[in-house]
Amino acid sequence: MDHLMGLNKAQKAAVEHTDGPNMVIAGAGSGKTRVLTVRIAHLMAVKGIDPFRILALTFTNKAAREMKERIATIVGRGEAANLWMGTFHSIFARILRAEAHLLGYPPDFTIYDTDDSRSVIKGILKEWGLDDKLYKPNQVHARISIAKNNLIGPEEYMNDGELMAGDSASGRDKLGALYMEYATRCFRAGAMDFDDLLFNTNLLFRDHPETMVKYQQRFQYILVDEYQDTNLAQYNIVRTLAARHENITVVGDDSQSIYAFRGANIQNILNFRKDYEDHVLFKLEQNYRSTGNLVGAANSLIDKNRDRIEKTIWTQNGDGEPIRVHRAMSDNDEGAYVAHDIFSTKMQRQVPDKGFAILYRTNAQSRAMEEALRKLNIPYRIYGGTSFYQRKEIKDLLAYFRLTCNPKDEEALKRIINYPARGIGQTTMEKLMVAANEHGLPIWELLHAHLNDLGFHAGTRKHLADFVLMIDSFRTMLTTHSAYALAEHIARTSGMMRELFADRTPEGISRYDNLQELLNGIKEFSDDQEDQDTPRTLPDFLIDVALLTDADNEDPNDNDRVSLMTVHSAKGLEFPYVYIVGLEEDLFPNLMAVQTRADLEEERRLFYVALTRAKERATLTYALSRYRWGNLTACEPSRFLDEIDPKFLELPAAMERMGLQSDPDGGHAERRPPWRSRSGIFTPERPEPTAAPARDPRTARPTSPPRRNLKRINDHGTPLEAASNAGSTMPEGLEEGVTVEHERFGKGKVLKIEGRAPDLKATVFFPSAGQKQLLLRFARLRVLND
DNA sequence: GTATCAATGATTTTT
DNA sequence: TCATTGATAC
């Protein structure tokens, strides 16, 4: 078969071994996507499997689309179009839509995005009079999200003594009740949030065996990409669906697991071997992407992690250039360096703009980079950040669509009932919301059936009735008009178009243009019927759009640009020249993510992902000072810089210029990399290895972390306080879930660790003394190894 | 009920 | 720094 040409032995084996459970451990750059696509094509073309019976799950729409394209080139477009290939969320949204009635949802249920979820939570907090500083909406949502991803429903949550105890220990004993209320309100609104798409699929299969069996039988072959990033909800769906035919292939790389923060469980990939005892394991270890230096550097880094599957990534590619490290004075300086370096590389080596990527840990870092690139007229594209679909004007129009399709959608209603202004203000809304909660009804139903019983003045009543009438008129068009015709009608009739057109400021014009762009998008969507016989309707569009991200909006004719993105969104991509910026302690690894060893290991995997994106050359940069929340803070170089074997690094001539010794006795002297220099005015002293507690590379965590608080800088640019190592706080191995001993309370279990050094706090449950909150600074906890 | 201005507080990563 | 919230005046 010619589609097998050019595959190496391991790749070929992974393609041809079609049946039974298979796991493909695919190192970075080892041709994973190729194997997956050829494998699917092979199933169809050689084994004659009906594409309708193949389920292929990915993490991003982009990955799904690209794979489909590649499969189409082998088996033909029409065949490929019938594959069930997409993200977990989009595939199961599709299935849920077909089965929604079984769970009591309307078929045109809304998908709440993160903002909607947060807004629901805010509403409840306000009504319940809870302090939104104690119950931060983001955190409440994160907690609910993690619960759902671990298949813990609101009842289970409230019945789980440990969870509830943990909450009340942290003074947030209403979390369970909040979760319950949140779920109730979403359901009442006929809405599922992102996590519900997976959670409810689990419910569907659990409570409706006949439905589960239907899908079990349908999906004869199941393939899962990026298996290391699946959470319990996803894992369980896959396991359930695969139980019948057991033709399951999972592909992944434990070293690239970077989504634990949202519930991904690396154990899923580590346990596959136990789950399917007669599985076959393929290891793809040859890297085709990167130079020898890059592969070596990445290996030396990831070697510091403890939780991983042993494997050796190797390459036949030449060594290539060493990895460069650049120290910048400030974040703007860093941007200027990167921009200039891109400019000169571009000129000297004739590299197109799209050959470069700038990767950073947090979206906030993009600004300095953007400014620098703009100054040199280098075209760039930012991935992530505020996407098109998050713009206010877009969300507003989408809210009209949502309300039309599902009038119970409370968030949509709140958003637009008075936009454009039609005299329905805050007071009216509050009355409506109170009444809705009293009766347990969606606002829409109140307005529709009980408008006259709510005690509104005639004027207000008229405004409300007009609104209802308008939405109802849109609803009658749902079945008679195409998505585009209806969308355009709504944009005009609602008054949104007029409102935006009237604004002649540059921003206003751009908002109007965005509106037009959305409508164009819907037109394209309406017209695109290649895989369907019936015209696509507005509800179809909404499901699609809710799960779309900015990355799905790329214009193929305008893609010769430098890419700017977070490391997370760079996963799966590759670029000849990669700049990884902001390699500073507290930023990368991120302050919020270095509480436990597992967290730190995830940060390290993230850096591993970043490094392995590069084909030709990687450049690592860090700044000595950086604006954070608007004020200048001093930064220390990232520990990750130390963790790469220095033989893969280029140590710049800057060393000599700074008057540092370099090899006075023929190569045996201490080679001090520039980020370790002692003398720079700006360089905040990091405790020397001898002074600081040794960092054990196996546990990869300082036995007693130096304070990593951001230090304010005074006018002379010197840190106000030296990095203090006082207050040894974190005992070795202390993390959530371990058993500890306290000199007064005896043995206890650590439920939670929070705060930042030196104010790290642990919530510990002692059977003898109950829940205690302990400042690690004072409580001498001893970790017990059981 | 609406518009304007000052104060406030947030930045980890995404479907 | 910037975006969102709260108070004030219209």
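Proteins come first, then strands; the chains are lettered A, B, ... in the order of their sequence lines, and each starts at number 1.
- Computed from coordinates, the Leu96(A) CG to dT15(B) C1' distance equals 14 Å when rounded to whole Å.
- Here the OG1-CD1 distance, from Thr460(A) to Ile424(A), works out to 8.5 Å after rounding to the nearest 0.5 Å.
- In this model, the phosphate group of dT2(B) is approached by a side-chain N or O of Asn418(A) to a distance below 4.0 Å at OP1 or OP2.
- Here the rule is side chain to side chain donor-acceptor pair (under 3.5 Å) with Asp116(A), and of Arg415(A), Lys395(A), Arg402(A) only Arg402(A) fits it.
- A tilted orientation is assigned to the rings of Tyr259(A) and His568(A), their planes being inclined by 30° to 60°.
- Considering only the side chain of Thr428(A), dG1(B) comes nearest among dG1(B), dT15(B), dT13(B).
- Note on Tyr259(A): only backbone sugar-phosphate atoms sit closer than 4.0 angstrom, heavy atoms only; bases stay farther off.
- Comparing dT14(B), dT2(B), dT12(B) by their closest approach to the side chain of Ala421(A) singles out dT2(B).
- Side-chain contact between Leu125(A) and Leu178(A) is present, with at least one heavy-atom pair separated by less than 4.5 Å.
- Across the protein-nucleic acid pair, Gln256(A) atom CD and dT14(B) atom P stand 16 Å apart, rounded to whole Å.
- A close approach under 4.0 Å does not occur between any side-chain nitrogen or oxygen of Asn363(A) and OP1 or OP2 of dT11(B).
- Note: CD (Gln365(A)) to P (dT1(C)) measures 18 Å, nearest angstrom.
- When distances are taken from the side chain of His568(A) to each of dT12(B), dT15(B), dT13(B), the shortest belongs to dT13(B).
- Nucleotide dG1(B) holds its C1' atom 14 Å from the CD1 atom of Ile417(A), rounded to whole Å.
- If Thr362(A) and Ile424(A) are placed on DNA chain B by their nearest nucleotide, the residue sitting closer to the 5' end is Ile424(A).
- As rounded to the nearest Å, dG6(C) and dT11(B) have C1' atoms that lie 23 Å from one another.
- When each of dT15(B), dG1(B), dT12(B) is scored by its nearest atom to the side-chain atoms of Thr427(A), the top-ranked nucleotide is dG1(B).
- Arg498(A) CZ: 12 or fewer foreign heavy atoms inside a 6.0 Å radius.
- The shortest distance between side-chain heavy atoms of Phe401(A) and Val545(A) does not fall below 4.5 Å.
- Atom-to-atom, CD of Gln426(A) to C1' of dA7(C) comes out at 12 Å; the value is rounded to the nearest Å.
- Here dT8(B) sits opposite dA3(C) as a Watson-Crick or G-U wobble pair (both hydrogen-bonding atom distances under 3.5 Å).
- In this entry the distance linking CD1 of Ile543(A) with P of dT15(B) reads 17 Å, nearest Å.
- Using a 3.5 Å distance cut-off with no hydrogens or angles, the side chains of Thr427(A) and Glu430(A) do not pair a donor with an acceptor.
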Can you give me the N/O atom pairs linking the protein to nucleotides 5-10 of chain B at distances under 3.5 Å, or say none if there are none?
none

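- The CZ atom of Arg308(A) lies 9.0 Å from the CG atom of Asp253(A); values are rounded to the nearest 0.5 Å.
- Taking CZ from Phe261(A) and CD1 from Ile146(A), the interatomic distance works out to 9.0 Å, rounded to the nearest 0.5 Å.
- The residue Lys122(A) sits close only to the backbone: its heavy atoms come under 4.0 Å of sugar-phosphate atoms, none of a base.
- Taking atom P in both dT13(B) and dT4(C), one finds a spacing of 16 Å when rounded to whole Å.
- In this model, the phosphate group of dT12(B) is not approached by any side-chain N or O of Thr566(A) to a distance below 4.0 Å at OP1 or OP2.
- Atom CG in Leu587(A) sits about 11 Å away from atom P in dT13(B), given to the nearest Å.
- Listed pair Thr114(A) / dT14(B) fails the phosphate criterion, with no side-chain N or O lying under 4.0 Å from OP1 or OP2.
- Remark: C1' of dT4(C) and CG of Asp132(A) are 12 Å apart, rounded to the nearest angstrom.
- Nucleic acid contact class of Tyr627(A) (heavy atoms, under 4.0 Å, all strands): none.
- Nearer the 5' end of DNA chain B, as judged by each residue's closest nucleotide, is the contact made by Ala593(A), out of His141(A) and Ala593(A).
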